[in-house]
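The next block holds one structure in the form of structure tokens; read it before the comments.
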Amino acid sequence: MSVERPTINTPIAFQDPLPDRVDVVIIGGGVVGIFSALYMARRGMNVLVCEKGRVAGEQSSRNWGWIRQQGRDHAELPIMTRALNLWHEVNRETNGACGIRTCGTTYLAETDGSGKKDWGFLELAEDAGLDTRLLSKAEIAALYGDASDARWSSAMHTASDACGEPWQAVPAVAHLAQREGVLIREACAARALDIEAGSIKGVVTQDGTVGCDQVVLAAGAWSSLFARKHGVQIPQLAVRSTVARTAEMPEFLSGCTSDEEIALRRRQDGAYSVAANGTLSVYAGPDAFRHFRKYIPHLSAAWNEVRPHPAAPIGYPDAWYTPRDWAADEVSPFERQPVLEPKPKESELAKIKRRFAARFPKLGPLKLSSAWAGMIDAMPDVVPIVDRVPTLDGLIMATGMSGHGFGIGPGFGEIVARMASGEDPGFDMTRFRFGRFTDGSKLELGPLL
């Protein structure tokens, strides 16, 4: 299966009729929203997914495509292991349309003064029973065959990790969910919640109102803007990251690999997805100023990776002139920007080429066939909120995946489905609770990669 990355020009593929009432409305047709819908349907629930643009049109098709356990936050790891199994399961159910394959994840460290790097994840991996290990110098040297100058001093590898093709995978799962009874409607923005006496009674969309008792807010970079309209505040920011596709080239790496400066993944189409590490762009906007103090620990730990910009383009979630309130019967910011299409940064593409050439001089100048950018829904501690909102009965929030959502999406989707059906989530969700930023808890910073 080969499809193009979704854009606003992608023909609408999901246009189910708008029902009068369902059990749950899911706002957002990304990886978490679609998997939540699938697992709710398998629990006998009636579900509608409202997507303002196209299924997987934003970050769920713009990510690296890694499905990794390696380097995960301690609380995410058991959920990620479950997600890995679910990805393999759904790949079989879609006859391989998701492009999931076991390929392994490798983190590399360049030579420094000590010749070593502190691989703190190893102890956590051992406790979890993962196959994570350090590579020998001979294995590091042989990792890329003759393509590299073997500049790395240490490496950590998890052979059981996988990867997928994001622009194929999420739409394929959406078609599977639709066949199992989920209603999915693209180009249908949710404008507002219909609230009565502190409880949700429905969702007002651009196409009409749908009654429901529960809503899942899984709108990625747009979640904070939607929540704020209803008096629910979360310290979420949207951070831009640039990714590129190389021209087709001989395979010199089969898995997912990253060092301090560059990340690579072999694609099914014979090319590589490649990104420059440490080049995240943050726009100055109302939310950026409002939540700045909460991000100080993150900025202190990654001060050299964040690039500030003076203002977001018009229509972005935290742009200065983006409305923070609107009437339910008027056009919302979500309809005005149905698919967020950030421009890739030319300076980052230049870095990719330079860094690739420094590591793989024998392969010649790197040719890029395309490039894109995505807006990552970031949280101050680099882990998401997946919880019921205590101040609004019926609202479940699943957002702030912090660039790690594609891989773990099936796991959190299953958890959200359990929450909606009244089941135990199956995992300790304390780390992902809604109130952790306001209950006086000390911020616990998760892994930045």
Side-chain angles (χ1 to χ4, degrees), residues 31-32 35 63-92 98-109 116-144 152-166 169 253-260 263-266 273 277 301 381-384 386 401-415 418 425-432 444-449:
V31 61
V32 175
F35 271 104
N63 59 82
W64 296 356
W66 294 28
I67 303 174
R68 62 174 176 86
Q69 302 163 100
Q70 181 166 295
R72 285 280 176 176
D73 181 85
H74 65 88
E76 283 189 339
L77 183 56
I79 301 172
M80 183 60 235
T81 299
R82 173 61 177 162
L84 176 63
N85 293 330
L86 291 173
W87 266 124
H88 285 298
E89 180 180 284
V90 80
N91 195 51
R92 292 190 294 270
C98 299
I100 309 302
R101 61 184 178 89
T102 301
C103 63
T105 296
T106 306
Y107 289 172
L108 295 152
K116 297 181 180 179
K117 182 181 177 69
D118 177 21
W119 298 113
F121 181 76
L122 283 168
E123 183 176 349
L124 180 60
E126 183 178 2
D127 291 344
L130 295 187
D131 55 351
T132 304
R133 65 184 183 88
L134 294 182
L135 299 182
S136 68
K137 289 186 177 181
E139 288 173 314
I140 295 172
L143 188 64
Y144 297 109
W152 299 285
S153 64
S154 59
M156 181 171 65
H157 178 73
T158 303
S160 59
D161 281 354
C163 64
E165 308 299 333
L253 162 72
S254 62
C256 302
T257 300
S258 176
D259 67 11
E260 291 92 341
L264 298 162
R265 176 182 69 83
R266 181 69 174 179
S273 288
N277 287 329
D381 52 2
V382 207
V383 295
V386 182
M401 296 294 149
S402 300
H404 310 154
F406 176 74
I408 205 168
F412 277 126
E414 188 178 53
I415 287 169
R418 288 173 175 165
F427 297 91
D428 182 356
M429 299 298 290
T430 305
R431 179 88 163 104
F432 314 108
E444 178 188 352
L445 191 63
L448 299 180
L449 180 62

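Numbers here are sequence positions counted from 1.
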Which value, rounded to the nearest 0.5 Å, describes the distance between R68 atom CZ and L77 atom CG? 10.5 Å
Please check if the side chain of H157 supplies one atom and the backbone of G104 the other of a donor-acceptor pair under 3.5 Å. no
Quick one: CZ on R72 to OG1 on T105, what's the gap to the nearest 0.5 Å? 9.5 Å
So CZ of F406 and CD1 of I67: to nearest 0.5 Å the spacing works out to 4.5 Å
Is it true that a side-chain atom of R431 and a backbone atom of E444 form a donor plus acceptor pair closer than 3.5 Å? yes
Who passes salt bridge (Lys or Arg N to Asp or Glu O under 4.0 Å) against R101, sequence neighbours left out? none
Using atom types as modelled and distance alone, determine if a side-chain donor or acceptor of N63 lies under 3.5 Å from a backbone N or O of G403. no
Under the 3.5 angstrom rule, does the side chain of R266 hit a backbone N or O of S254 as a donor-acceptor pair? no
Over 60° means perpendicular and under 30° means parallel, so classify the ring planes of W152 and Y144, tilted if in between. tilted
Nearest heavy atoms of P425 and R418, plus distance in Å: O-NH1, 2.8 Å
Quick check: closest heavy atoms across H88 and A162, and the distance to 0.1 Å? NE2-CB, 4.2 Å
Take I415 and F432, measure what side-chain contact (heavy atoms from CB on, under 4.5 Å) needs, and give me the verdict at the end. CA-CA 12 Å; I415 287 169; F432 314 108; over 6 Å; no
Side chains of V382 and D73, heavy atoms from C-beta outward: is any pair under 4.5 Å? no
In terms of side-chain geometry, is the basic nitrogen of R265 or E165 positioned less than 4.0 Å from the acidic oxygen of its partner? yes
pair E126-F121: side-chain heavy atoms closer than 4.5 Å: no
Hits for side chain to side chain contact (heavy atoms under 4.5 Å, CB included) against D131, two or more places apart or cross-chain, chain-then-number order -> T158, A159, S160
Expected output: side-chain E89 to main-chain L86 donor-acceptor under 3.5 Å: no
Side-chain contact, heavy-atom cut-off 4.5 Å: F427 with E76? no
How long is the span from the CH2 atom in W66 to the NE2 atom in H404, to the nearest 0.5 Å? 10.5 Å
Donor-acceptor check, side chain of W64 to backbone of L264, threshold 3.5 angstrom: yes or no? no
Donor + acceptor pair across side chains of Q70, D161 (<3.5 Å): no
